[in-house]
Amino acid sequence: MASRTFVRSLIFLLSLSLSLLSGAMTARAVPSFARQTGMACEVCHTSFPDLTPFGRRFKVEGYTLTTTSTVGSEAESLALNATPPLSLMMQVGYTRTSKAQPDANVDPVTGAPVHPGHTAQNGTILLPQEFSLFYAGRISPKIGAFTQITYSMQDDHFSMDNTDIRAADTAQFENSRLVYGLTVNNNPTVQDLWNTTPTWGFPFAATEIAPGPAAATLLDGGLAQQVAGVGGYLAYYSGSSMIYGEYTRYQSTQVGSPAPLDSRAASPVIQSSAPYLRLAYEYAFGLSSVEVGLMSLKANLIPAGSPVDDTPSDTFSDVGVDAQLQWVGGTDTYSVKAIQLKEKASWGAATLGAGGASNPSDQLTTTRLTASYLHKHALGVTLQSFSTTGDTDSLLYADHRTGSPDTAGMVLEVAYTPWLNTRFSVQYTSYSKFDGATTDYNGAGRNASDNNSIFALAWFMF
């Protein structure tokens, strides 16, 4: 009966999203950057947040391009936007899983379920799922910012979200151009120009209700909003080609943790600083482009709750490769994106001695392949295949019956964007394997397919 209800819900939501097509209207501008540049959103985005080559140029040049009036002096010692670059975002989400999740209420002393065999409500709406305030635009002629403060209904508080502050300038040569700049940001890859990397990759919005796999590489969001990074970058343009290089170092600066950081820190603390390297090549032809690149991150982390001055660190070495093909026609846009992240984690004596891992080192690999079709900037269909594989470790993955991190599945999304600042979407996620197994992955009878989910989203930017 539960599976029939799930299927009926999926059919209804897909039918609803497709029925909206008859009301498609002309696209309008996304607020903050559009007001500053005076350009329609499709100049920088195929569909937000997917960037076009021009959108990537706007970002690499520090978010400073403007066609609107400013308040300032002739010497440009003062140049303020006449309109403050502020925007708001609201997401409303509904989630239903194939099988209701277990009642998570447990005894605080024994950890045993208070109501064994019972389940939680299935079918949850969050209003809002997230609500964000952005300062996104030019600060001065050479400095711009993308900053986000977000309220999460699940967490019930506001916190600093993705932030990227840039200072950039340009050197012009006879047949080429060099953009050089600095970035200050709080999430490795939030400063990236392509939509392959973890921060800006698909899915652009996901459910906060359905279960997700436990294992992920550090580069795949493991340091998001827990670090501060300062780096330099170069973007060299010659003809239709662009070569991009960046080097950034990150230090821990955890939200809600003491300052300076000590053993009370809520998350692992970076020992000294963690270097991040990004290299990419892009070739643009007309409005279309192709990109290939690589990235790496290395961090020595002190386990949470340990003295930061006298604890052996765990070493994480992450390497990623990515590629993106974006073809923009008269009315249709096609894109194919691929990324693979490989991580080797070498465990220090504190982790091994405390029973946090059974192997001296563990490896993890995550692969995502995404194909998208967009018609008239309004109707989009995206299909993604994802997989995570890694070494079996009975202590590191103690909650997995097999001790394996392996997870695999697919995501199908149908999105309708009647205006470029308003989106309605239905996302279906299916798992062929979850946390190491297809059936009974947690030792309590739950199967991978039980976590299949429908996620309906209304996303507004204003």
Side-chain angles (χ1 to χ4, degrees), residues 6-31 41-42 45-51 87-98 123-132 148 150 152-154 162 195-196 198-210 212 326 332-337 368-386 409-431 451-462:
F6 179 75
V7 171
R8 286 197 296 267
S9 299
L10 174 60
I11 294 172
F12 171 74
L13 290 169
L14 286 174
S15 300
L16 177 63
S17 65
L18 292 174
S19 70
L20 293 171
L21 295 179
S22 60
M25 300 178 67
T26 304
R28 297 180 182 175
V30 172
C41 297
E42 58 261 37
H45 298 277
T46 56
S47 179
F48 70 88
D50 258 319
L51 292 175
S87 295
L88 297 173
M89 179 193 81
M90 183 172 69
Q91 295 179 346
V92 181
Y94 170 84
T95 302
R96 185 178 183 88
T97 54
S98 180
T124 302
I125 187 168
L126 296 182
L127 176 62
Q129 174 169 288
E130 289 187 353
F131 185 88
S132 294
Q148 180 180 4
T150 296
S152 168
M153 190 170 184
Q154 284 295 90
N162 289 321
N195 294 98
T196 52
T199 302
W200 298 118
F202 180 85
F204 306 125
T207 175
E208 296 182 0
I209 302 297
Q326 185 181 77
D332 301 321
T333 299
Y334 304 87
S335 68
V336 178
K337 304 166 189 172
R368 299 188 187 98
L369 179 62
T370 308
S372 300
Y373 166 73
L374 179 65
H375 179 63
K376 292 185 176 179
H377 295 280
L379 173 64
V381 180
T382 301
L383 179 65
Q384 180 184 82
S385 171
F386 61 86
M410 302 188 76
V411 180
L412 172 65
E413 181 181 273
V414 178
Y416 172 59
T417 309
W419 306 277
L420 278 186
N421 63 334
T422 303
R423 176 179 297 163
F424 304 98
S425 62
V426 179
Q427 189 181 107
Y428 177 65
T429 302
S430 65
Y431 292 98
N451 295 329
N452 294 356
S453 65
I454 300 171
F455 175 53
L457 177 71
W459 189 348
F460 307 101
M461 298 284 293
F462 48 96

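- Proximity of Y428 to N452: side-chain heavy atoms (C-beta onward) are separated by under 4.5 Å at one or more points.
- Between P418 and F424, some side-chain heavy-atom pair lies under the 4.5 Å cut-off.
- P128 and M153 get closest at one heavy-atom pair: O-CB, 3.0 Å.
- Here the shortest heavy-atom pairing between R423 and A415 reads CD-CB, 4.1 Å.
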### Message
With side-chain contact (heavy atoms from CB on, under 4.5 Å) as the criterion, how do H377 and T417 come out once you've worked through the C-alpha distance, each side chain's angles and the decisive distance to 0.1 Å?
### Response
CA-CA 7 Å; H377 295 280; T417 309; over 6 Å; no
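- Residues L369 and V336 have side chains in contact (heavy-atom distance under 4.5 Å, counting atoms from C-beta outward).
- Taking OH from Y416 and OG1 from T422, the interatomic distance works out to 10.0 Å, rounded to the nearest 0.5 Å.
- Shortest non-hydrogen contact noted between L51 and N195 is N-OD1, 2.9 Å.
- Distance check: S132 OG to M90 CE gives 11.5 Å after rounding to the nearest 0.5 Å.
- V411 is listed as a side-chain neighbour of Q427, based on a closest heavy-atom distance under 4.5 Å.
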Exercise answer: donor-acceptor pairs, residues 200-207 side-chain atoms, under 3.5 Å, sequence neighbours excluded:
| from | atom 1 | to | atom 2 | distance (Å) |
| --- | --- | --- | --- | --- |
| W200 | NE1 | V190 | O | 2.9 |
| T207 | OG1 | T95 | OG1 | 2.6 |
| T207 | OG1 | I209 | N | 3.0 |
| T207 | OG1 | A210 | N | 3.4 |

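- Between the Q384 side chain and the E413 main chain, no donor and acceptor come within less than 3.5 Å of each other.
- Y431 and F386 have their aromatic ring centers within a separation under 6.0 angstrom.
- Within the model, atoms CE of M410 and OG1 of T370 stand 10.0 Å from one another, a figure rounded to the nearest 0.5 Å.
- Atom CG of L126 and atom OG of S152 lie 8.0 Å apart (nearest 0.5 Å).
- For the residue pair T150 and E130, no side-chain donor N or O sits within less than 3.5 Å of a side-chain acceptor on the partner.
- Annotation: side chain of W459 is in contact with side chain of M89 (closest heavy-atom distance under 4.5 Å).
- For Y373, the ring-ring contact (aromatic ring centres under 6.0 Å, His included) partners are Y334, not counting sequence neighbours.
- In this view, S335 and K337, S372 satisfy the side chain to side chain contact (heavy atoms under 4.5 Å, CB included) rule, not counting sequence neighbours.
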